[in-house]
Novice: 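For reference, the structure I am asking about is given below.
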Amino acid sequence: MPTNGLHQVLKIQFGLVNDANRYLTAESFGFKVNASASSLKRKQIWVLEPDPGQGTAVLFRSSHLGRYLSAEEDGRVACEVDRPGRDCRFLVLPQPDGRWVLQSEPHGRFFGGTEDQLSCFATAISPAELWTVHLAIHPQAHLLSVSRRRYVHLCLQDDEMAADGDMPWGVDALLTLIFQSRRYCLKSYDSRYLRSDGHLVWEPEARACYTLEFKAGKLAFKDCDGRYLAPVGPAGTLKAGRNTRPGKDELFDLEQSHPQVVLVAANHRYVSVRQGINVSANQDEELDHETFLMQIDQETKKCTFYSSTGGYWTLVTHGGIQATATQVSAQAMFEMEWHGRRVALKASNGRYVCMKKNGQLAAVSDFVGADESFILKLINRPILVLRGRDGFVCHRRGSNQLDTNRSTYDVFHLSFRDGAYQIRGRGAGFWYIGSHGSVCSDGDLAEDFLFEFRERGRVAIRALSGKYLRGGASGLLRADADLPLGEALWEY
C-alpha cells in the first residue's frame, strides 16, 4: 500500500453535549470545566485516549490545553493534570438512545451536571449524566475496515456499500457522516443512507442511524438493535452482523479524503496515464487512468499528483513528465498558479508544464499560454461540507443567507462547468452574490465560483467579482476578501 502520507488516519476529536444542549468546556483559567457553551469551538474539543494500563478505561484529553479530565473521590472535576493518573480513568457506557454515560473507574460515580455545577458524584444515571458525542473532525472521509484492510465504497451495480477496495479511488469511496438525532448516518456520494440491513435509503430513518463507539482509536457503528456494522460475505457487504460487542471485524479507521482531480488540456482531452508511464493529454473520457490524487505540501504549498497506476508525476530528462516516482521529491512537486478558470503548473526546473503537439506533457515553457493552461476539476466532492475558522457553513434560520460559525453543518451539492463550480443548497437554490457582498442560497440560476486549492485540505472560493468568500465577526458568509488567506480558506 502506498506511503508518503497518502493514507492518513484521522485523529478522532469530538465535543460532549449535555441534556441542556451545552458543550463540555475546558477553561484555561483555573483549569476548570463547565457545560455553558452553546457551540463547538476550540475549548470544547476533546480527544479520547486508551488507558496506558491496557484496561477498559479511557482518558479524556482537552485538545487545546493538552490536559486530562479528572474526578476526585469527593466528586470534584477539573482539567489540570498533564500526566494522567488514577483519577483520570473513566468508563464509557453507551446508552440505548446513542448517548454516553461517563463513570469514574476508581470511584464508581457518574459525571454530569449543568453550567458550572459539574461533578462526578452521582450514584444513579439521570438526564444530567447523559452526553451526546459530536464529532469535531471534518465529516467527509474514507472508511477502512480494520480486519479486511479494504476501503468501503458505493457499489452502484449491487446497490450496496462494500469493503472491498484496495484504494479509496474515485467518488464512490467518499462517505459523509451526518449528525442526526444524537446519532450518525453514513451518507454516500449520491445522497443515500446506509441502513443496518445493508440497503440504501433516501431518508435518515431510525435503522440508518448509528451510535459511535471508540475502541483503541478505532470506530464502531452500533445500530438501534445493539448490533454493529461489519463487512459480511466474500463481497464485504456492509451491514449489521450478529455481534453485540465490537471485535476486529466491527472496527474501522476514518482516513482523510484527499482531493482527486482530472485535468483537461487545450486540445480538450483528459490528461492520462492510460498508455504508459508518460503523462499525456490524449483521452476523451475520465476514468481511473485520468484521475489523480492531489496533495499540497503544508510548507511549500506545492502539490503532487498520484496516479491510479501507483506513481507520482515527476520531472525527467529534457523536461518530460512521467508517473513513475514512488517517493515524493523536489522533482515530483509542482507549483500551482491560478488564472481564472484555468491553472498552470510550474515544475522544479522553473518552467511551466505544457502540452506538446503529440499530447505529451513536458515542463519546457517560460510563459503561460493556451498550451500551458489546464482545466482542473475536483471529482470526489459532489456533495460539499465547508468548515472555516469559526465553524461550519450552514443555512441561517429564516433567511437566505449562510452562517459560518455553526457546530452543525449543511451538505451542499456541487456541479462543474468550464473551470468553475456551481453550489446548490437546500430546496435546490443556487448560491449567488447578493447586495453588499453577502452570499445568498436561494438563486434560480446558477452562478459561477472559482475554487483555488491553496493549502492542504483547504480551498479558497472566488466570486466572479474577484473577491474571495470569507467568514467574519458577523458570522455571515460574504464575498469581500481581497486575498485567499485566513478566514478566506475553507476546509472541504
Side-chain angles (χ1 to χ4, degrees), residues 12-49 57-81 84-137 179-184 209 211-214 390-392 394 397 403 405-409 475:
I12 302 297
Q13 297 181 325
F14 56 89
L16 290 171
V17 191
N18 70 1
D19 194 56
N21 284 321
R22 292 293 183 265
Y23 287 83
L24 179 63
T25 303
E27 300 288 0
S28 303
F29 180 74
F31 303 117
K32 295 180 179 179
V33 293
N34 62 61
S36 302
S38 59
S39 61
L40 183 62
K41 301 291 179 62
R42 192 168 59 96
K43 292 182 179 181
Q44 290 76 41
I45 295 177
W46 298 83
V47 178
L48 197 69
E49 295 183 358
V58 293
L59 312 172
F60 289 86
R61 176 170 58 84
S62 166
S63 177
H64 87 105
L65 292 179
R67 296 172 182 262
Y68 293 86
L69 183 68
S70 63
E72 298 182 3
E73 189 173 5
D74 62 2
R76 189 181 77 89
V77 292
C79 189
E80 57 188 345
V81 299
R86 180 171 176 263
D87 287 344
C88 299
R89 298 167 65 181
F90 291 87
L91 298 174
V92 174
L93 309 177
Q95 300 300 293
D97 66 354
R99 289 184 285 183
W100 285 4
V101 169
L102 308 185
Q103 184 181 30
S104 168
E105 189 199 52
H107 310 304
R109 301 297 179 97
F110 300 108
F111 172 56
T114 57
E115 300 290 336
D116 58 356
Q117 302 297 313
L118 299 182
S119 68
C120 190
F121 205 64
T123 57
I125 300 171
S126 73
E129 283 73 46
L130 296 173
W131 299 91
T132 297
V133 181
H134 188 177
L135 290 179
I137 60 174
F179 192 52
Q180 178 83 20
S181 303
R182 296 174 175 160
R183 292 185 173 90
Y184 279 88
C209 297
T211 301
L212 295 185
E213 291 190 13
F214 303 118
D390 300 318
F392 288 101
C394 192
R397 292 189 183 94
D403 285 323
N405 57 2
R406 298 285 291 276
S407 300
T408 56
Y409 43 85

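Keep in mind it's a predicted model, so treat the numbers as computed, not measured. Side chains are part of it too, since the values below use all heavy atoms of this structure and drop only hydrogens, waters and symmetry mates.
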Novice: Work out which heavy atom in Gly113 is nearest to a heavy atom in Glu129; give both atom names and the distance.
Specialist: N-OE2, 4.4 Å
Novice: Give the minimum heavy-atom separation between Arg89 and Ala57, together with the two atoms involved.
Specialist: CB-CB, 3.9 Å
Novice: Taking CD in Glu73 as the centre, count heavy atoms belonging to other residues, nucleotides or ligands within less than 6.0 Å. Is the count above 12?
Specialist: no
Novice: Is it true that a side-chain atom of Gln103 and a backbone atom of Gly108 form a donor plus acceptor pair closer than 3.5 Å?
Specialist: yes
Novice: Would you say the side-chain atoms of His134 pair up with the backbone N or O of Phe179, donor to acceptor, closer than 3.5 Å?
Specialist: no
Novice: Measure across Cys79 and Val33 and return the closest heavy-atom pair with its distance rounded to 0.1 Å.
Specialist: CB-CG1, 3.8 Å
Novice: Does the ring centre of Tyr68 sit less than 6.0 Å away from the ring centre of Phe60?
Specialist: no
Novice: Could you check whether any side-chain N or O of Gln44 sits under 3.5 Å from a backbone N or O of Lys41, counting only pairs where one atom can act as donor and the other as acceptor?
Specialist: yes
Novice: Between the main-chain N or O of Leu135 and the side-chain N or O of Tyr184, is there a donor-acceptor pair closer than 3.5 Å?
Specialist: yes
Novice: Check this for me: does any side-chain nitrogen of one of Arg99 and Asp97 sit under 4.0 Å from a carboxylate oxygen of the other?
Specialist: yes
Novice: Side-chain contact, heavy-atom cut-off 4.5 Å: Ser119 with Arg76?
Specialist: no
Novice: Show me the pairs that pass ring pair (Phe, Tyr, Trp, His ring centres under 6.0 Å) and involve residues 104-125, at least two apart or across chains.
Specialist: Phe111-Trp131
Novice: If you define the side chain from C-beta out and look only at heavy atoms, does anything of Ser63 sit under 4.5 Å from Trp46?
Specialist: no
Novice: Which atom pair, heavy atoms only, marks the closest approach of Leu102 to Phe90?
Specialist: CB-CD2, 4.3 Å
Novice: So, the side chain of Glu27 versus the backbone of Thr25: is there a donor-acceptor pair under 3.5 Å, distance only?
Specialist: no
